[in-house]
Amino acid sequence: QVQLVESGGGLVQAGGSLRLSCAASGGTFSRYVMAWFRQAPGKECEFVAAISGSGGSTDTVDSVKGRFTISRDSAKNTVNLQMNSLKPEDTAVYYCAARWPNLLRRGSSEYEYWGQGTQVTVSL
């Protein structure tokens with residue numbers, strides 16, 4: 001059983017940066033694809049980015065490409081999302097998720113393990 005705990009959310013002005021972290025425990029970290037999703041009020045859960053178990057492959061949604069970067073630290077069992085040039089439309093609850101086997105996927109139903117979420121609010 002994998003447990004995921006997100007941190008790093010908060011309130012930031014448009015154009016600013018935040019770094020989200022997700023700490024994983026209870027499993028062999030390198031086995032799992034790790035991903036970030038987000039859900040804004042009244043909207044469906046949206047894929048943001050995913051990274052393979054080795055960290056060698058990533059997938060990022062076009063709307064954040066060039067602004068957000070996903071990475072993982074195997075020594076610390078963490079996955080990070082560096083978010084730069086934030087926009088008000090990035091406001092959402094951000095969730096960390098994990099799946100096995102080691103294939104990148106964008107569908108939320110493909111991920112078995114989820115964190116509790118962290119709020120990101122971007123003001124004008």
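Just so you know, these numbers use all the heavy atoms, side chains as well, and skip hydrogens, waters and symmetry mates.
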- Query: Is a salt bridge present between E112 and R99, judged by a nitrogen-to-oxygen distance below 4.0 Å?
  - Reply: no
- With the side chain counted from C-beta on, respond yes when L18 and V120 share a heavy-atom pair under 4.5 Å apart, and no when they do not. yes
- Item | From CA spacing to verdict: side chain to side chain contact (heavy atoms under 4.5 Å, CB included), V5, C22 | CA-CA 5 Å; V5 179; C22 172; over 6 Å; no
- Message: Under 4.0 Å between a side-chain nitrogen and a carboxylate oxygen: does that hold for R38 and D90?
- Response: yes
- Note on the structure: Correct closest heavy-atom pair for A40 and A92 would be N-CB, 3.8 Å
- Task: In sequence, state the C-alpha distance, the side-chain angles, and the governing distance for S108 and E110, and then conclude on side-chain hydrogen bond (donor to acceptor under 3.5 Å, both in side chains).
- Result: CA-CA 5 Å; S108 59; E110 305 267 11; over 6 Å; no
- Query: Without hydrogens or angle criteria, can the side chains of E89 and T91 be said to hold a donor-acceptor pair below 3.5 Å?
  - Reply: no
- Query: From L124 CG over to K87 NZ, what is the distance, rounded to the nearest 0.5 angstrom?
  - Reply: 13.0 Å
- Any R106 side-chain heavy atom under 4.5 Å of D59 side chain: yes
- Determine yes or no for a side-chain-to-main-chain donor-acceptor pair under 3.5 angstrom, with N80 supplying the side chain and S21 the backbone. no
- Can you see which heavy atom on R19 is nearest to which on S71, and at what distance? NH2-OG, 4.2 Å
- Message: Rounded to the nearest 0.5 Å, what separates atom CG in L4 from atom OG in S25?
- Response: 7.5 Å
- Taking atom OH of Y32 and atom OG of S52, what is their separation to the nearest 0.5 Å? 15.5 Å
- Item | Test: K65 and D62 ion pair at under 4.0 Å | yes
- Message: One pair to check against side chain to side chain contact (heavy atoms under 4.5 Å, CB included): S7 and T118. What are the steps and the verdict?
- Response: CA-CA 6 Å; S7 61; T118 186; 6.0 Å; no
- Expected output: side-chain Q39 to main-chain V93 donor-acceptor under 3.5 Å: no
- Query: Can you tell me if S54 uses its side chain to pair, donor with acceptor, with the backbone of G56 under 3.5 Å?
  - Reply: yes
- Message: Set out, in order, the CA-CA distance, both residues' side-chain angles and the distance that settles side chain to side chain contact (heavy atoms under 4.5 Å, CB included) for I51 and V33, then state yes or no.
- Response: CA-CA 6 Å; I51 188 166; V33 167; over 6 Å; no
- Is there a side-chain contact between L11 and S123, using heavy atoms and a 4.5 Å cut-off? yes
- Query: Going by distance alone, is a donor N or O of one side chain under 3.5 Å from an acceptor N or O of the other, for N84 and S17?
  - Reply: yes
- Query: Would you say the side-chain atoms of T78 and D73 include a donor-acceptor pair closer than 3.5 Å?
  - Reply: no
- Query: With respect to F37, which candidate in Y95, Y94, Y111 satisfies the ring-ring contact (aromatic ring centres under 6.0 Å, His included) definition?
  - Reply: Y111
- Message: So, taking the atom named CE in M34 and the one named CG in L81, what distance separates them when rounded to the nearest 0.5 Å?
- Response: 12.0 Å
- Please say whether more than 12 non-hydrogen atoms of neighbouring residues, nucleotides or ligands are located less than 6.0 Å from CH2 in W114. yes
- Note on the structure: CE of M83 to CH2 of W36, rounded to nearest 0.5 Å, is 8.0 Å
- Query: Atom SG of C96 and atom CD of E6: how far apart are they, to the nearest 0.5 Å?
  - Reply: 5.5 Å
- Note on the structure: Heavy-atom closest pair (S63 atom, E46 atom, distance to 0.1 Å) is OG-OE2, 3.9 Å
